[in-house]
Each structure stands twice: as C-alpha cells, then as structure tokens.
> 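Got a structure here, written out as structure tokens. Questions coming.
Positions are given from 1, in the same order as the sequence printed here. Remember, predicted model here, so these are calculated numbers, not experimental data.
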Amino acid sequence: MGSTSELLFYVNGRKVIEKHADPETMLLPYLRKKLRLTGTKYGCGGGGCGACTVMISRYNPISKKIRHYPVNACLTPICSVYGAAITTVEGIGSTTTRLHPVQERIAKYHGTQCGFCTPGMVMSMYTLLRNHPEPSLDQLTDALGGNLCRCTGYRPILDACKTFCNASNCCQNKENGFCCLDQGINGIPEDKEEDKITSDLLPEGDFLPLDPTQELIFPPELMRMDEKPLQKTRVFVGERVTWISPVTLKDLLEAKSEYPQAPIIMGNTSVGPGMKFKGIFHPVIISPDRIEELNVVSHAHDGLTLGAGLSLAQVKDILADVVQKLPEENTQIYRALLKHLRTLAGSQIRNMASLGGHIVSRHLDSDLNPLLALGNCTLNLLSKEGKRQIALDEQFLSKRPNADLKPQEILISVNIPYSRKWEFVLAFRQAQRKQNALAIVNSGMRVFFGEGDGIIRELAILYGGVGPTVVCAKNSCQKLIGRPWNEETLDTACKLILDEISLPASAPGGKVEYKRTLMISFLFKFYLAVSKILKKMDPGRYPSLADNYESALEDLQARHNHSTLKYQDIDTMKFPRDAVGSPIMHVSGVKHATGEAIYIDDMPVVDQELFMVFVTSSRAHAKIVSIDPSEALSMPGVVDVLTAEHLQDANFFHTEMFLAKNEVLCVGQLVCAVVAESEVLAKQAAKRVKIVYQDLEPVILTIQEAIQHKSFFEPERKLEYGNINEAFKMVDQILEGEIHMGGQEHFYMETHSALVIPKGEDQEMDVYVSTQFPKFVQDIVATTLKLQINKVMCHVKRVGGSFGGKTFKSGILAAIAAFAANKHGHAVRCVLERGEDMLITGGRHPYLGKYKVGFMNDGRIMALDMEHYGNAGCTLDESLLVIEMGLLKMENAYKLPNVRCRGRVCKTNLPSNTALRGFGFPQAGLIIESCIADVAAKCGLSPEKVRTINLYKEIDETPYKQEINAKKLIQAWNECMTRSSYSLRKVAVEKFNAENYWKKRGLAIIPLKYPVGLGSIIYGQAAALVHIYLDGSVLITHGGIEVGQGIHTRLIQVVSRELKIPMSNIHLRGTSTETVPNTNGTGGSVTAELNGLAVKDACETLLKRLEPIISKNPKGTWKEWAQAAFNECISLSATGYFRGYNSNIDWDKGEGNPFEYFVYGAACSEVEIDCLTGDHKTIRTDIVMDVGYSINPALDMGQVEGAFIQGLGLYTIEELQYSPQGVLYSRGPSQYKIPAICDIPTELHISFLPPTEKSNTLYSSKGLGEASLFLGCSVFFAIQEAVSAARQERGHSVPWKLNSPLTPEKIRMACEDKFTKMIPRDKPGSYVPWNIPV
C-alpha cells in the first residue's frame, strides 16, 4: 500500500505542509497552537456551540465547482483536510488590512458583547455569503442555527446579517393579523414628535459593500492536484493512532479488509465525540477521501440512490431539488427526511456528517433512521468478497448480526424508493430546543391504503429515543392491517403501541412518562394529518376534521423575527461632540469580529510552559482511602501530581478548601492536579491517577433532603414588616402554595482559564486569569504562596463572559496553578474543558419557595408568610448573600403591608453554587409572581388586575423600611400595557383558544422593581488612574472588568465628556492590580457607574490642575495644554476615587438602606403551545425599561435583551440533570440547552422610558446588567396561562402548579388529555429514577 507522511493544505491562502501529522490532533488546536491563529475559539469541544467555526473549500474536478462549507474545527481531524483550503476569521479581514463587510456590520450593529462567540458567527455568515451573496432570511437563520451566544440575545447579530439579505424590511409575519408595515408597528402606537424618541442605534455613514471579487481565490495548486490526483493512499502515523486515507474504492476495500475493526470516518461527528467524551479508542482509522462511488446521486424508475459519503447538507439540497420536480405522491419519504434535516444539528455538523455515517452509527435518537427504515430502503454494501444488499429495517437498526454489515464491508450507497399513490409518510420529533438539539423522542410513520378505500394495507411505525436503539412497533402494525382509518383504529393503535414498546421507569434519559405520551401523541398527529389528506383526495368518502383540530397539524416553526427599539435621543445641538448618550459601538467590537481580541488562552505559549489538569471526585460523599499517582508520574513529560498533602496549610483560603483532604463532599470536587509538559499529556495522565473511596452517609442532594436532615449553613435570615399574625385574622381568604425552581449553568463561552508566570526575581508572580475579581485572585495567590500581596499582580484584558461565575472559583484555580508554577519555576496554564467547567464550578441556586397568603376578595394581598430555601451545594461560597438578596427583593413590585420571610441556605452534596446574573432575585421574584397568580385564580380575577391592585404606589416604603418612589414603576407598567396592546390581544388570545383545541396561547405581563446596590459601602469603593501624555492622548485604567457589558466603552465616553476630548484620543489597556489596587469585584450592575465616578473624579482633578493653563490658551489643543503643563511642572497623572454609596442593612432589626436606587420595568409576552408535544414558541415580547439617562443606549439595549433571553432560557428550557448519586449529566451544549436563534421572540419590542429625574449616580444613569433577566418569567407565566386554558377546556383543575423551568415535558404533562390518561404510570418509590430535581 502506497503511503505519504506529508499533509498539504492551505490556510488563509498560505500553503501548509505538515510532515508529522498526528491523527489525534484536531484542526482547532493546530490552528491555535501551531499556526497561532487564535481567532478561532474553543467553546465546547463537541461541535455544539459554533465558536470554532471555519470555512473549508474543496474543488470538484467533475463539476468544476468549488464547494464552500462551514465546519466545527474542534471535531475536524487535521489529517482529514488534505487538499483543502481553510479560511479562518483572520483570513477574511483585519484591522491592519481591511475589514470584511460581515465583520464591519456585526460590530457596528452592536452584535458583540463579550466577543468570544463572534468569530464563529462571522465565519458562519461569511460561508453563507460565499455560496449565496444575497441570501434569504431562511438561509440566514439556518446558517446561524449552529452558533450559540450567551450575551447578546441574538437580535443585533441577526439585524447585522439581514443587511445582506435580498428582502424588504417586512417581518414576513402576520402572527396577530397585523403587518409591521401597517400603520404603527403591530399595533404599537406611534410616538409623539416631542418625545424625541429614536430607534437608530447605528453609527453614521455607509457600510462596506459586499464584493465577491475581493475574496481569497481558491489556491490554483489545489485545483491542479484535484484535476490530476495521485492515486495513492495516504497514511499518517501518530503516537497511538494510524490514519489511512484511501483515494480509490479499491484501496478503501483493501484497507477495510486489512483492518476490519477500524471505523470509517467522513465527518468525525460520531466517532470523534465518542473518542473525546467516552474514552473509546481506535488504533486505526480509515477515512476515504472524495471517492467518487461514495458520492453518487442516481435517479432510477423506482427511487433515488444516494452515496454514503454525501454530507447531510448535500442530501438536504438534493432532496429539496427532488421534491420540487416530482409529484407529491412519489416524494412522501423525501419530504419527511427533509423536514428532519432542517432541524438536525447545526449547519456545521450537517456539512460534516455523512449520510452513511449517520445510518451506520445507529444512535438511539437518530432523526433519519426511523424514516429510512420504514421506507423499504436498502443498503448497498461492498467488500473484497463482492457486493451485497441488505434492508435498512428494524433488524439492522438493532444490530442483529444476520442483518448487519460484516466487519470488512463498507456502505457504498442507500436506495430510497419513491412513495406510491395512497401512501403517506410523516416525520415527528420533539426536543428540548427546536433546532440543534437531539430529539427526546422522534418518529417515522408510514401507511399505505392500496387504493382509496381507507383500509390499511401496510403500516410501519418507528420511534427513536425510547429504547437502546430505534424501536419498531412491528406487532402493533401487523394487528392493524385490514382495519379502516378511523378513531376506533387510532384508540386500538395507541393501546397496542403502549403495550408493545415498554419503557422502564428508570430508563436512561429520564422523562419516561413524557416519552410514552409523545409516542401516542405523534400517532394522533399522524392520524389527523392522513385523515386531512384523505379528505382532500376524496371529499365524498372521508369526514372533515373538526375545525378546532386543524391547528394540531401545524408545527410551531420559528418565523423570521422582527424587532423595534426605542430610546430617548440626545440633543446634539445642545451637546455637540458629547459622546455620553450616544449609541457608541463597543470599543473592542471590530477586534471581536476579526478575532484580534485576545483572551487568556490566546496568549502565546511561554518558554517551558506547563499545563495543569484536575482530577475530580466521582463520589458525592466519601472518605478518600488512598490516592495513587504512580502510573501518571511514570509517564514521560508528566512533572507532578499535586494533592492536599503538597499544599499543606496553603490548602485553605477562608472557608474554601482547594484540594479535597480525607473526604470528598460532591462529585466534581477537586482532588488533585496533574502538571505536565502539554495539555494532551496532562489529560492522559489525569485518567491514570487511581483514587480509592469509601462511601459515607448521608448523601444529601435535594432541598427536601436538606430540610429533612436539618442540613443548613448558618445563620437563618428573616425579614418581617407589619403585623402578620393580626393581618391573617382580617383577610377574606387564605391559601398556601409552593414553587420549585431549578438551577442554571452560567454557560459563559470562555471557560475558566489562567496563565501564571513566575518572574524569576524577588518571587514576583504575574497571574493572567479570566476573572471578575482580580483583587481576590491576587489575595488568594499571595496567601497560598506565603507572599506579600505586592509580589503578585493579576491582569485581565477581557473576559469571554462570566455572569457571576468567575468571581471566586477563578481564584481557587489560579491559586493551585500558582502553587505549581512556584514549585517548579515554570509558567503554568490551566484551561478547563467545557464539561469540567460545568461539573466543577456550580451555577445558579435551585430554590424552593413556600408561601401562605391572606387576601381580600378584590385581590389585595394583606398578609404574606414565605420561606425561601436555596441549594448551596457543599460549601458556602456566596450562598448566604444570595439568600439575603432574595429576601430583600422578595416583594418585587408589590406593596405588602404585612409580610414575613425566612431564608435558609441548604448544605448538600453538590458542587458549590455561586453568583449568577440576578443574584437571588430571579428565584425570589418567581415565588412572589407565582403567589400573585394563585391569588388571581382563587379570586376569579385576571392576573394583571391582581398585579395592578398590589403595585407600589408613588411614595412608599419597602419591607426593610427604605423609602421608594414608584412613579416610574407605574409609568413602565402602563406604558407596557399600552405598547403591547394588551387588552386587544387578550381578546384575540381568548378567541384563538376557543377555536383551537390542540394549540393554546397565553399572554402575561409582569412588572419589575429591581433594587440596585451592594448592601455595603465597602463593596462600593472604586478607583481609577488617568494619564495625559504630551501628545494630548489619554490612558485610563480602572478597577472594573470588561466581561462584555462594555464598561471600557462607557468609561472612555466619560473621559471624552469630562475632558472634552475625542474618544479616538483615549485608550484603555485592561485591568491590573498593578495600576489600580484593592479593587472590588465586577458585578451587581454597578461596576461601570462606580468606576465611572472614580474616572470622573480623576478627570476633575486634572482639569482643576490645568485650569490656569487652559484659561491662558482657551482655543489651544490638548497637545499644547499638556506640553505647557509639563513645562510648568504640573502633574498630568491623577488617581480618582469613589467611596461608594451609603448602603447598609441591619438584619437583627430587619431595616436599612441597602440600595442606592431601583430599576423599574415591565414585560408582556405572548406564547403559543402545542398541547400534544409541549413545544412552545414566543410570538411576541414587549419590554419597557426605566434606564435613567443612558450613557450608551446601544450597550444598554444589549444588556436588556441579552439578560431577557438568558432569563427566557432559565424559566423554560435550561435544565440541569443530576443522577440520584449526585452526578451532573448535563455537561455540555449537547445535553444542556441555552436559547439559540430559534428561541428568540418572533417579535421583540424594547423601549426605554424618557428620563425625568436627576440623581447622584453617574450622569443620572442606571445599571441594567441584571434587572431584565427576571422579565424572562413573562414567558413562563404566558405558558402557564396557555396551559390553564387547555386544562380548563378539558375540565381539569386550574391552577395547576408548574415548576421552573417550564420544559416541553412539563407543558405536555400538564395539558392532561385522553393520551396522558392512556399511558402506564410508575409509582414513585417503586424504582430508582434516572435523574432527580435538586
């Protein structure tokens, strides 16, 4: 067998020859570490987030065309790119050459915040434009479907990309009978002229035009290579794996014969994750390279033959073309496949994964295999022994030896027959998220009537997700043949299927009763759909569907979204050249879009740098019997395995232990740290550390278990106002209730990262870390190394998202890395994998709220007694503060004359939970809103009426006796009511619900009072340093961290206003404890204003010093003034300081002034649910916010909508899954779903109230980073309204308690009907569930 060890490909137009290609190396680390192209980011390592998207281009010598397609570089083996041209974000434009229009527009449209996901977004869009210079809106949303963003809420990204689309500004949506081009936007009243309201967040000037002639050309050398290919198999031999890449079918068969157990890889989307996440090892891998026979597309009289090597994206295009050309009766299976191909994974995966790989992998939740199996498809196999054909049926899918490929055989192609007249095929699936999510259950169903008599001649029903493989209801189908197509047959079919397909109560994946319900709900949808077609084909023979059943057949497709944004415009005549109040682009926006923005792991490798990987506990509560690192230490290149014994007394900082000693308290607790010469080596060695445990009792995981065992961190907190006992005696009614709320993962795009560099002199240590709290990192590292703090400097340029998760945990990781660096005298880098990060670092606290409420018949709440329980995990972290903030914000926007609330921090055997955007308020707010909804239902009143009657009045007092002026709250509430056309739309919703039995809509409006402040003056201190140089340029540094909120941009605006100097003359290098000491952590929505006040103070000091200079030459330039000041020995450097707002709370008395001000707002959301599947979509959301005088409306708008979408995820689809043993199952984007582009409201309207009041904040602005996250619960309560409508119609009790998150499972099971009654139920306690709510 011929071989070559030389790998040749092009990157950004430059030739790359790799003489020692390792098959285990993926394209992503090669680009980042070897070629130093760090614009392509590591986000998850599993192809689920899109941060690593690059474009691959290949030339087809037969069609003479170049195919451009996006791929996930994290899953693309370097050996698979032979002969390809790769384009990364650096290759399409930069700040030093020219920007590509995609880069420019995504930056100018404010489509970046933390910027970590931006290069991936840019490359997905760029690839689309290479193929379709004027894409449709469908193509646009499809192209971005595989990319996740945690910051922006997607709207600005979509708006930027829409500028390339060949479409009008119409939203292409008449959801409520309105069009956005009608007078007023969808019933939103137009603003009056005098309000000076604007919606333009864009900078002046034209955008760069898209000019396809300016793109990189495909390398002629690669074209020549493809025209005259060397017919020689390429072999790449690595340390552990050999990669064989045959280029002819003969060589492929030869290789498979020699290595029958070797997997065949095309896109590596199945084998790759198996090797990475499950530890499956393959010593030999066979990867065919563009073998013509594997890419065949052949039309015959009886069907279509597709090559096994075609990508799923190519299959999608082929089928889309076929269904356009052939009669509908011949394309039933093609249409069904096409439906699933539109939502299967993201664009990157569909372009990598092959049809053959998808079929042969036979994943239990495969979307295509159930359809192919029921369509009488056949597989064409080939080996050296000859050809063979087998059926793609349930025998093949269950891997029966007599129906499977033999080890030496390969799949060449698939025959997919045409459908016949009177044959109908439909596809169904339900996932946690509409797109780019594995199905919970999917199904393919086919019926053939033979002729138009409605008698079943053939029937096939297959399900994925309900067994170890795809399952066929063969016996049930057999029993139904010969029966007429009617409701009696349907009922029989449901019973037969539930009997035949038995799903055990403890089945992997959980959701067992939901899965059973979906099986028969899908069957009902199939019955309705076929009945409708039969009626259309023969109206005389078949009855019509009931009108209110029609909607059951429509999928809840995500429509093209449309948005309006409104904010108070500044008067440019009054403030010429004033940057404050203008929608200035993020100062790093362009660098985000070009990949030039540097994050921790983008920093160059330091000489002799070491890498650190953690070994974590696999038990929730156990004694450590022994740790044996000997096998790991014996590996060449492994430097050390650190344990608690090495750290000795440096293993603690306050109450936090770094590495477990003697005992572990949760799965994921750090036990030891492996230090090696490379990341790959450190990870391999970590797997060889042997730890012996002895399990301990009890294992406490849930809040209920903590209450039962009285397992709490002290102290209990209590807040009481009024006379609650007396009040309960005076009320008309009393009710009790409770609500449970699940936790939330931060899912910042950049995982925890640190690089610690010993300076080699005076024991100095530089710590570069992705953190919100540099001072804490500095303190903890200094304490660990027993150094004075002045020897340790912490530097942070920017953070790729944090949301509270990089406050304390980052310090612990940095301290252990610093210990290793100090011990060995070398730099140490530590970058957590996504799964490690999710396992180790905890997230938002799961909450249990209990309430007893006394109220009058008109809905007025007179007495409320509440208990809050937060699941802290195994250490205290910030959990007490979270509970305290929850108590202080418990009433949301309502005046509660008599209230008592107790808060307890539950100690459990879970990873320690920590701060997350909103800090206790999203949980506490949901509890009070749930209570309000219960009161409304009990009184027979609408929820909005009960909310209105209980709102704070203008001047009032909070339960902790702080004065409040709620004028803006009432204004925001009324404005939201008006802008959302609430009353009109409520009538429309009721009409829709009366006309539709299987789809329901809900409408909810929620007020917001978000107190802003840190509860202590100490945490409100801020400092800054401002230098003016002799050329008139200014350098500023401050104590805040750029985490995506645009703090640096805002503070440059502040300096620009104060010194009356253009923003282009002001620079900010980053945050460092070297320049600004003793800084507080970034968080609580106030960091920009606190540091802004410090910067303002420094500027005022400088202006005071320079006043004599400026007065002598009032028309001079800053260069002249600076030089004159220097000549007169006047300092051009000043520190600024802000001592913090007066803030206090006395918990013994239950009173104080913990907050400086309140952010008010309201949100109205309308949703539609599918009662048969639990699917939902948000039709429209209107948000009104009181933002004071906005310093930067573009950044503020981004904070509001980004937080709202994160809140929407919290309350609906983001679900953490824990095993009964305390193991976190959801450790990446494939198991944990954050909102994607498909989840944003079809219509989103955001408006800021015009400012009226001056305050002592920075220019009377307000901090908005966290407040609007809670408004995501407007979607939760809208869903609850829709569920209530369904339950009411079916004669079930309302209200029905729904816990958060309101997942498809909970929605479906709450919409009780004949199908939920049919399924077998499992008695709690009779089985061990797969997962538990914590």
> Any Lys/Arg nitrogen of E1266 or R917 sitting under 4.0 Å from an Asp/Glu carboxylate oxygen of the other?
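Answer for the salt bridge query: no.
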
> Suppose we screen for ring pair (Phe, Tyr, Trp, His ring centres under 6.0 Å). Which residues come up paired with F653, at least two apart in sequence or across chains?
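Ring pair (Phe, Tyr, Trp, His ring centres under 6.0 Å) check on F653 returns F776.
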
> Any sub-3.5 Å donor-acceptor pair from T784's side-chain atoms to I780's backbone N or O?
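Side chain of T784 to backbone of I780: a pair is present.
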
> Using ring pair (Phe, Tyr, Trp, His ring centres under 6.0 Å) as the criterion, list what pairs up with F803, not counting sequence neighbours.
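Ring pair (Phe, Tyr, Trp, His ring centres under 6.0 Å) list for F803, sorted by chain: empty.
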
> Inspect the contact between D1097 and R1139 and indicate whether a charged nitrogen and a carboxylate oxygen are less than 4.0 angstrom apart.
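The answer is no: the pair does not qualify as a salt bridge.
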
> If you take all heavy atoms of I584 and A1194, which pair is closest and at what distance?
O-CB, 4.4 Å

> Which residues pass the side-chain hydrogen bond (donor to acceptor under 3.5 Å, both in side chains) test with Q103, sequence neighbours left out?
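Applying side-chain hydrogen bond (donor to acceptor under 3.5 Å, both in side chains) to Q103 gives none.
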
> Side chain to side chain donor-acceptor pair (under 3.5 Å) for S94 and T97? Distances and angles first, verdict last.
CA-CA 5 Å; S94 73; T97 53; 2.9 Å; yes

> Do Y1259 and E1089 have side-chain atoms, one donor and one acceptor, less than 3.5 Å apart?
no

> Got T841 and H752 here, is their nearest side-chain heavy-atom distance under 4.5 Å?
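A side-chain contact exists here, since the closest heavy-atom pair is under 4.5 Å.
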
> What residues form a side-chain hydrogen bond (donor to acceptor under 3.5 Å, both in side chains) with N913, not counting sequence neighbours?
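Scan of N913 (side-chain hydrogen bond (donor to acceptor under 3.5 Å, both in side chains), adjacent residues dropped) gives none.
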
> Looking at residues at least two apart in the chain, or sitting in another chain, which of them share a side chain to side chain contact (heavy atoms under 4.5 Å, CB included) with Q113?
C151, T152, Q1199

> Report the residues that fulfil ring pair (Phe, Tyr, Trp, His ring centres under 6.0 Å) with F919, sequence neighbours left out, ordered by chain and then residue number.
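Testing F919 for ring pair (Phe, Tyr, Trp, His ring centres under 6.0 Å), a comparison that skips the adjacent residues, returns none.
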
> Before accepting this row, confirm whether a basic side-chain N of the pair E1042/K797 lies closer than 4.0 Å to the acidic partner's carboxylate O.
no

> Less than 4.0 angstrom from a charged side-chain N to a carboxylate O is my criterion; do K823 and D640 meet it?
yes

> Please say which of D837, T771, D877 ends up in a side chain to side chain donor-acceptor pair (under 3.5 Å) with K809.
D877

> Return the set of residues passing side chain to side chain contact (heavy atoms under 4.5 Å, CB included) with F652 (not counting sequence neighbours), or none when no residue passes.
M657

> Name all residues meeting the side-chain hydrogen bond (donor to acceptor under 3.5 Å, both in side chains) criterion together with D602; count only those two or more places apart in sequence or in a different chain, and write none if there are none.
R32, K41

> Can you confirm if the NZ or CZ of R798 lies within 45° of the ring axis of F116 and under 6.0 Å from the centre of its six-membered ring?
no

> Where is the tightest heavy-atom contact between A593 and I106, given as atom of each residue plus distance?
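Closest heavy-atom pair between A593 and I106: CB-CG2, 3.7 Å.
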
> Using a 6.0 Å cut-off, check whether atom NZ of K1119 has over 12 heavy atoms from anything other than its own residue.
no

> Judged by atom type as modelled, is there a donor-acceptor pair below 3.5 Å linking the side chain of E761 to the main-chain atoms of K759?
no

> Sequence neighbours left out, what passes side-chain hydrogen bond (donor to acceptor under 3.5 Å, both in side chains) with Q1053? Give chain and number order.
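Here the qualifying residues are N1192.
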
> Answer yes if the ring centres of H586 and H110 are under 6.0 angstrom apart, and no otherwise.
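That pair fails the under 6.0 Å test.
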
> State whether the number of non-hydrogen atoms from other residues, nucleotides or ligands found under 6.0 Å of E1107 atom CD is greater than 12.
no

> With sequence neighbours left out, what residues match D649 under salt bridge (Lys or Arg N to Asp or Glu O under 4.0 Å)?
K786

> Residues two or more places apart in sequence or in another chain: which of them pass salt bridge (Lys or Arg N to Asp or Glu O under 4.0 Å) with D1196?
R1050

> Can you give each donor-acceptor pair under 3.5 Å made by side-chain atoms of residues 1014-1024, sequence neighbours left out, with the distance rounded to 0.1 Å?
residue: S1016; atom: OG; partner: I1018; partner atom: N; Å: 3.2
residue: Q1021; atom: OE1; partner: Y1137; partner atom: OH; Å: 2.6
residue: Q1021; atom: NE2; partner: I1018; partner atom: O; Å: 3.0

